[in-house]
Amino acid sequence: MNSDLPHKEVVHTRFAPSPTGFLHSGNYRTAVFSFLFAKQHEGLFSLRIEDTDTQRSKKEYEDAIIDSLTWLGLTWDTHTRQSENRQRHRELLKKLIASNHAYISQETGAGDERKEVIRFRNPGGIVSFIDIIRGEVSVDVSDLGDFVIAKSIDEPIFHFAVVVDDADANITHIIRGEDHISNTPRQILIQRALGFSTPQYAHLPLILAPDHSKLSKRKGARPLTVYRDMGILPEALLNYLALLGWNRGDDREFFSREELIKAFSLERVQKSGAQFDETKLLSINRHWMRQLSVDEYISRGALNAPRESERLHRVVPLLKERVHTFEQAQELLNGEFSFLFEKIITIDRDILLKKEPLGNTETTRTHLVEIKKKIETFSETPTFEKVHDTLMPYADEKGRAQVLWPLRYALSGAIHSPDPFIIISIIGKKESLQRIDSALAVL
RNA sequence: GGCCCUAUCGUCUAAUGGCUAGGACAUCACCCUCUCACGGUGGUAAUCGGGGUUCGACUCCCCGUAGGGUCACCA
């Protein structure tokens, strides 16, 4: 790949967001691709904050960008701000004017104010470039006219500043959103006027919102922290984002950060836009949550529950089996699974007797008493296997529904819950016996 | 509207002239089962339309159509 690259040249990509709002997943995906590409080629990945729009740039947004990149594990090699390069911008702007590639233009602004801007002298003609993802793209730049490159000698605008900063940083590959594709020709024009070489370009397809509209900063753009707050793992989001518009060419879907670095290639990036599908993200997140050890699961999910932490540890396997996010895990702990941590649970006589065959209480009472005797033989925290293997034969003999339903209900106080064996192994011998006793008391 | 880009199941995608068009998520059915969940098995579901090129097109070309991007003294 990119065999036309000079051997000594170090691959250098950059992520250049403007801190004028919260970035959305589409923006971060371009960062993901830039990062993966650079690291795969053992190159550099830089972060450059494009803060030349002083009116709208805010520290708060820059901090959010840094937080999110760090959280995703997209570590950068250098971190600069476009505003730091003011000196250089001015110098080259002057050079361009001196060489007659640009000129100061008198404009009549709103009202009678006369204002000056700096315009680029457009040579016209066809400008074409090779996009790694799309192939050759050519545009007739004549209809661009003499476009503005600076508001004043001290205020370069985007097109000019980008060209200068990328060249100064020796950026070799510009990987950015498709919305920049039509900006590229004019930036190439500026490069030529300045005597810079043209880097390689790769324009990524945009990510669409579920309604097919463009994911925009104004509509629905939320900081990436919403995913962290939902209890999405960064490795899951990274995995999902990488898969959105890229695949290795086979059926493989789960990739760790390191595996992505190895497997990624720009050539296999999709040309068309993709919708962001939160459901799929959730299923990938479940996969990565299941990979975690019990300790990691609790600490990374910041999970908490009343009672000793041993009990929470025993509940984790149940959590793994049914939730897609840590937020859901904590909800389960607080709600549906709270019976596992409570001292007293309420039993409804009718529900307890739901499977009673004789229409009275006798069968249910007998079963619970028999089960109690077996539980007596357990250690305080028996394993699931031990509980299952001891109680199941009895249930099979007497009828699973008649034995297991009242037992499970007595232990959980819930119509829906995990099976009684796992409950006993979680709450322990002593509490199991207590709960069965309270159930017997209502009969 | 001009210019540019794109077009395979609902969604993400595989198949770069040669297979019953594959997988995943979602969905449905069945199985497992004391309930819930997990799991297992199977199913429904796609090449935007029309012309070419070719022995043969998802694949190549053209024309439509649709979607997206961009046309700033924002980035």
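We name chains A, B, ... by the order of the sequence lines, and we start the count at 1 in each one. Predicted model only: the values in this text are computed from it and were never measured. Scope of the values below: all heavy atoms of this structure, side chains included, with no hydrogens, waters or symmetry mates.
- Spacing between B:A24 and B:U44 at atom P, rounded to whole Å, works out to 15 Å.
- Here A:Q270 reaches the OP1 or OP2 of B:A14: one of its side-chain N or O atoms lies under 4.0 Å away.
- Under the Watson-Crick or G-U wobble criterion, with both distances below 3.5 Å, B:G18 is paired with B:C55.
- Residues that satisfy the side-chain hydrogen bond (donor to acceptor under 3.5 Å, both in side chains) test with A:H79, not counting sequence neighbours, are absent from this structure.
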Nucleotide N/O to protein N/O under 3.5 Å, stretch nucleotides 45-48 of chain B:
none

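- When the P atom is used for both B:U65 and B:C73, the distance is 32 Å, rounded to whole Å.
- Residues satisfying the ring pair (Phe, Tyr, Trp, His ring centres under 6.0 Å) test with A:Y61, not counting sequence neighbours, are A:F22.
- Side-chain atoms of A:S105 do not come within 3.5 Å of backbone N or O of A:V117 as any donor-acceptor pair.
- Nearer the 5' end of RNA chain B, as judged by each residue's closest nucleotide, is the contact made by A:L243, out of A:L243 and A:L206.
- Mapping A:E336 and A:A16 onto RNA chain B via the closest heavy atom, the residue that lands nearer the 5' end is A:E336.
- In this structure B:G2 sits in a base pair with B:U70, meeting the Watson-Crick or G-U test at under 3.5 Å.
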Considering only nitrogen or oxygen atoms on both sides, find all protein atoms under 3.5 Å from nucleotides 31-34 of chain B and state each distance.
residue : atom : partner : partner atom : Å
B:U33   : O3'  : A:R400  : NH1          : 3.3
B:C34   : OP1  : A:R400  : NE           : 3.4
B:C34   : OP1  : A:R400  : NH1          : 3.4
B:C34   : O2   : A:R408  : NE           : 3.2

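- Interface residues of residues 313-323 of chain A facing RNA chain B, ordered by number: A:E321, A:R322; criterion, heavy-atom separation under 4.0 Å.
- Within 4.0 Å of A:I415, counting heavy atoms only, lies at least one base atom of the nucleic acid.
- Using a 4.0 Å cut-off between charged side-chain N and carboxylate O, A:K354 and A:D350 make no salt bridge.
- A 3.5 Å limit on both hydrogen-bonding distances identifies B:U65 as the Watson-Crick or G-U partner of B:A7.
- Comparing the C1' positions of B:G43 and B:U20 gives a spacing of 16 Å, expressed to the nearest Å.
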Discussion item. Salt bridge (Lys or Arg N to Asp or Glu O under 4.0 Å), that's the test. Do A:E370 and A:K373 meet it? Break it down for me.
Written reply: CA-CA 5 Å; A:E370 288 304 312; A:K373 287 181 188 162; 3.1 Å; yes
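- When each of A:I207, A:V32, A:L204 is paired with A:L244, the side chain to side chain contact (heavy atoms under 4.5 Å, CB included) condition holds for A:I207 and for no other.
- Looking at heavy-atom distances under 4.0 Å, A:E155 makes no contact with the nucleic acid at all.
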Nucleotide N/O to protein N/O under 3.5 Å, stretch nucleotides 1-6 of chain B:
residue : atom : partner : partner atom : Å
B:C5    : O2'  : A:R134  : NH1          : 2.6
B:C5    : O2'  : A:E178  : OE2          : 2.9

Hey, what are the protein-to-nucleotides 23-27 of chain B N/O distances that come in under 3.5 Å?
residue : atom : partner : partner atom : Å
B:A24   : O2'  : A:E253  : OE1          : 2.4
B:A24   : O2'  : A:K280  : NZ           : 2.5
B:C25   : O4'  : A:K280  : NZ           : 3.4

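- For the side-chain hydrogen bond (donor to acceptor under 3.5 Å, both in side chains) test, residues two or more places apart in sequence or in another chain that qualify with A:R248 are A:D250.
- Separation of the A:F45 and A:F37 ring centroids does not fall under the 6.0 Å cut-off.
- Residue pairs meeting the side chain to side chain donor-acceptor pair (under 3.5 Å) criterion with at least one partner in residues 315-327 of chain A, sequence neighbours excluded, are absent.
- When the C1' atom is used for both B:C9 and B:C5, the distance is 24 Å, rounded to whole Å.
- Nucleotide B:C38 forms a pair with no other nucleotide shown, judged by Watson-Crick or G-U wobble geometry with both contacts under 3.5 Å.
- Between B:C28 and B:C4, the two C1' atoms lie 43 Å apart (nearest whole Å).
- The six-membered or imidazole ring of A:H180 lies near that of A:F158, with a centre-to-centre distance under 6.0 Å.
- At a threshold of 4.0 angstrom between heavy atoms, the contacts of A:G177 with the nucleic acid are absent.
- The side chain of A:R290 lies closest to B:G39, out of B:G39, B:C73, B:A75.
- For the P atoms, the distance linking B:C48 with B:A66 amounts to 16 Å, nearest Å.
- For A:K151, the listed nucleotide lying nearest its side chain is B:C74; candidates were B:C36, B:U13, B:C74.
- In this structure A:R134 satisfies the side-chain hydrogen bond (donor to acceptor under 3.5 Å, both in side chains) test together with A:E178, sequence neighbours excluded.
- A search for side-chain hydrogen bond (donor to acceptor under 3.5 Å, both in side chains) contacts involving A:K280 returns A:E253, not counting sequence neighbours.
- Within the shown strands, B:G43 is the pairing partner of B:U27 under the Watson-Crick or G-U definition, both distances less than 3.5 Å.
- Residues A:D51 and A:Q82 come closest through the heavy atom pair OD1-N, 3.4 Å.
- Applying the ring pair (Phe, Tyr, Trp, His ring centres under 6.0 Å) test to A:F378 and every residue at least two apart in sequence or in another chain returns nothing.
- Nucleotides B:A46 and B:C12 have their C1' atoms positioned 13 Å apart, rounded to a whole Å.
- Across all strands, A:R268 comes closer than 4.0 Å only to sugar-phosphate atoms, never to a base (heavy-atom distances).
- A salt bridge links A:R88 and A:E91; the closest N-O separation between the charged side-chain nitrogens and carboxylate oxygens is under 4.0 Å.
- Using a 4.0 Å heavy-atom cutoff across all strands shown, A:S152 reaches no nucleic acid atom at all.
- Closest approach of A:R14 to A:D166, counting heavy atoms only: NH2-OD2, 2.8 Å.
- Set against B:A75, B:A14, B:C36, the side chain of A:N247 has B:A14 as its closest nucleotide.
- With B:C12, B:A14, B:A75 as the choices, the nucleotide that has an atom nearest any side-chain atom of A:L244 turns out to be B:C12.
- Note on A:H203: nothing from the nucleic acid sits closer than 4.0 angstrom, heavy atoms only.
- Across all strands, A:V117 comes closer than 4.0 Å to base atoms (heavy-atom distances).
- Each of B:U13, B:A14, B:C74 was ranked by its minimum atom distance to the side chain of A:A274; first place goes to B:U13.
- Of the P atoms belonging to B:G42 and B:U47, the separation is 24 Å, rounded to the nearest Å.
- Note: A:R435 CZ to A:I345 CD1 = 4.5 Å, rounded to the nearest 0.5 Å.
- Screening A:T184, A:I174, A:D179, A:V137 for a side chain to side chain contact (heavy atoms under 4.5 Å, CB included) involving A:H203 leaves a single residue, A:T184.
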